[in-house]
2 protein chains.
Amino acid sequence: MGQWRNGNKSAGMEMKSGHSKAMIARLSRYLRGLEDHIRQGCETISSRALGEQLGISDAQVRKDFAAFNRLGYAGIGYRCADLIQVIRDTLGINRAWRAAIVGCGNLGQALIGYQGFRQRGFAIEAAFDENPALIGRRLHGLEVLPLRHFAATVRERGIQLAILAVPAEEAQKTGEIIARSGILGILNFAPVNLNLPKSVSVSSVELTIELEQLVFAVVQKQIVE
Amino acid sequence: MGQWRNGNKSAGMEMKSGHSKAMIARLSRYLRGLEDHIRQGCETISSRALGEQLGISDAQVRKDFAAFNRLGYAGIGYRCADLIQVIRDTLGINRAWRAAIVGCGNLGQALIGYQGFRQRGFAIEAAFDENPALIGRRLHGLEVLPLRHFAATVRERGIQLAILAVPAEEAQKTGEIIARSGILGILNFAPVNLNLPKSVSVSSVELTIELEQLVFAVVQKQIVE
DNA sequence: TGCTGTGAAAGACTTCACAGCA
DNA sequence: TGCTGTGAAGTCTTTCACAGCA
């Protein structure tokens with residue numbers, strides 16, 4: 001999961017939204033589970049069933065959903081459609097979000113072509129790089145623009161989010177350019193701790209860290225057995 | 001971050017290793033910070049400095065490192081090299097790990113070419129797909145093999161980990177093939193809750209979830225202001 | 001009977017604050 | 001003085017257990 005930034009520690013309590021950090025992290029997962037479920041033709045689901053599907057306790061599920069007003073029906077469960085809507089509202093994904101990819105190497109190119117983003121309402125509206133060999137080329141139908149056009153393009157195209165997929169060495173510098181452009185949030189794939197003004201939210205995905213954590217789980221299991 | 005599986009909830013206490021889940025999640029980040037620091041020529045670092053770099057409190061850093069035996073020097077701090085070694089030992093990444101990519105679409109191809117893995121000791125030793133148009137092609141120097149050769153290849157090449165990058169619809173089925181082959185851990189990029197025997201550890205990265213959580217942070221900040 | 005909603009209890013995790021070493 | 005190591009306190013999160021509704 002992306003890490004929470006420095007200043008984000010809830011000051012001695014839950015966040016202003018009234019939802020705890022831990023709960024927010026689960027909402028996206030509930031959403032997946034609910035969509036699966038509805039795809040199978042079920043209109044309602046119990047806390048137990050949803051929890052089992054996701055590896056979350058039924059009590060936890062109920063506590064989380066209790067934050068929404070009385071959405072459940074005793075003896076029945078919850079209506080999937082209701083939950084989906086209220087979760088999407090809560091996360092803020094009930095509207096279209098526009099993103100730019102910054103860094104069109106291996107990973108950046110893959111992210112431009114990744115269908116999952118569009119399917120879930122995120123549109124990739126621009127791609128940037130500094131490499132002259134890439135600039136002007138079309139990747140998955142999107143023209144690669146020089147980084148110096150970043151701010152102007154973001155303004156023109158109404159882009160709010162940046163997905164940063166440049167090499168570690170360039171991440172901080174590039175992050176600063178992005179931050180200055182009025183972008184609201186950065187999803188960072190570079191293995192670097194970005195130090196940016198707090199006007200921009202940063203969330204990081206480090207692929208190698210994910211692998212390392214998997215290895216720990218593997219080794220741990222071997223020891224226990 | 002990858003999710004923790006069902007059975008993994010520490011039974012009323014820290015795990016067998018004596019390290020809490022939360023701490024393990026931080027170890028990889030410490031590693032990054034320490035390597036940065038050492039690259040800048042510093043041999044020692046204080047809990048305060050390391051914490052500041054990573055957005056972690058100094059007390060937290062000390063508590064975490066206290067789990068290792070008396071590595072710190074009062075008045076000085078910790079020796080970076082010592083910490084790096086003990087963290088690598090703890091995570092189990094003090095040896096080479098071999099991985100296979102399963103699914104050579106956009107994302108799979110990018111992961112084959114991702115330098116970060118190799119730089120940190122993870123070697124991609126095989127690539128698989130079911131698409132006849134891809135089988136036999138070389139991607140970043142690696143030949144794409146048909147999925148039915150998975151188990152045999154894994155055995156031959158001593159592969160322990162699989163990186164699953166197939167479409168959501170095929171993830172469960174493919175996961176089962178992987179699990180049957182004796183693989184120890186799966187890093188799953190498909191937006192699906194894999195239901196697999198607990199002999200294999202699963203860690204999931206969902207790119208869209210990461211974006212959703214970023215959006216929440218963005219929206220939250222706007223409301224507060 | 002099957003399920004929600006929820007106080008109360010338990011547990012995990014983080015921060016505080018300070019003794020003590022170099 | 002600068003820093004670690006650590007009990008104690010505080011905070012956050014999860015689980016328990018059960019009243020009550022359909």
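Just so we're on the same page: letters track the sequence lines, and every chain starts at 1.
Without hydrogens or angle criteria, B:Lys63 side chain to B:Met23 main chain gives no donor-acceptor distance under 3.5 Å. Remark: the backbone N or O of B:Gly113 is paired with a side-chain donor or acceptor of B:Gln115 at under 3.5 angstrom.
In this structure, A:Leu161 and A:Ile163 have side chains that are not in contact, with every pair of non-hydrogen atoms separated by 4.5 Å or more. When side chains are defined from C-beta on, A:Gln220 does not count as touching B:Ile24, because their heavy atoms never get closer than 4.5 Å. Residues A:Leu71 and A:Tyr78 form a side-chain contact, since some pair of their non-hydrogen atoms from C-beta on lies under 4.5 Å apart.
Consecutive Watson-Crick or G-U pairs involving DNA chain C, each under 3.5 Å on both distances, make up stems of three or more pairs at C:1-22 with D:1-22.
Side-chain nitrogen and oxygen atoms of A:Ser57 include at least one within less than 4.0 Å of the OP1 or OP2 phosphate oxygen of D:dT15.
For the pair B:Ile56 CD1 and C:dT15 C1', the interatomic distance rounds to 14 Å; values are reported in whole Å. The interatomic distance linking A:Lys21 (NZ) with D:dT11 (C1') rounds to 11 Å, in whole Å. Look at CG on B:Asp64: it is 7 Å from P on C:dT14, rounded to the nearest Å.
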Given B:Arg120 and B:Glu35, is the salt bridge (Lys or Arg N to Asp or Glu O under 4.0 Å) satisfied, shown in steps?
CA-CA 11 Å; B:Arg120 293 194 134 280; B:Glu35 284 164 348; 2.3 Å; yes
Please evaluate residues A:Glu212 and B:Ser28 with respect to the criterion side-chain hydrogen bond (donor to acceptor under 3.5 Å, both in side chains), reporting the C-alpha separation (whole Å), side-chain torsions for both, the decisive distance (0.1 Å), and the verdict.
CA-CA 7 Å; A:Glu212 287 173 2; B:Ser28 290; 2.6 Å; yes
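If you check the side chains of A:Asp58 and A:Ser47, you find no donor sitting under 3.5 Å from an acceptor.
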Strictly under 4.0 angstrom, non-hydrogen atoms only: write out the protein contact profile of nucleotides 2-9 of chain D, one letter per nucleotide from the 5' end, B, S or -.
BBBBBBB-
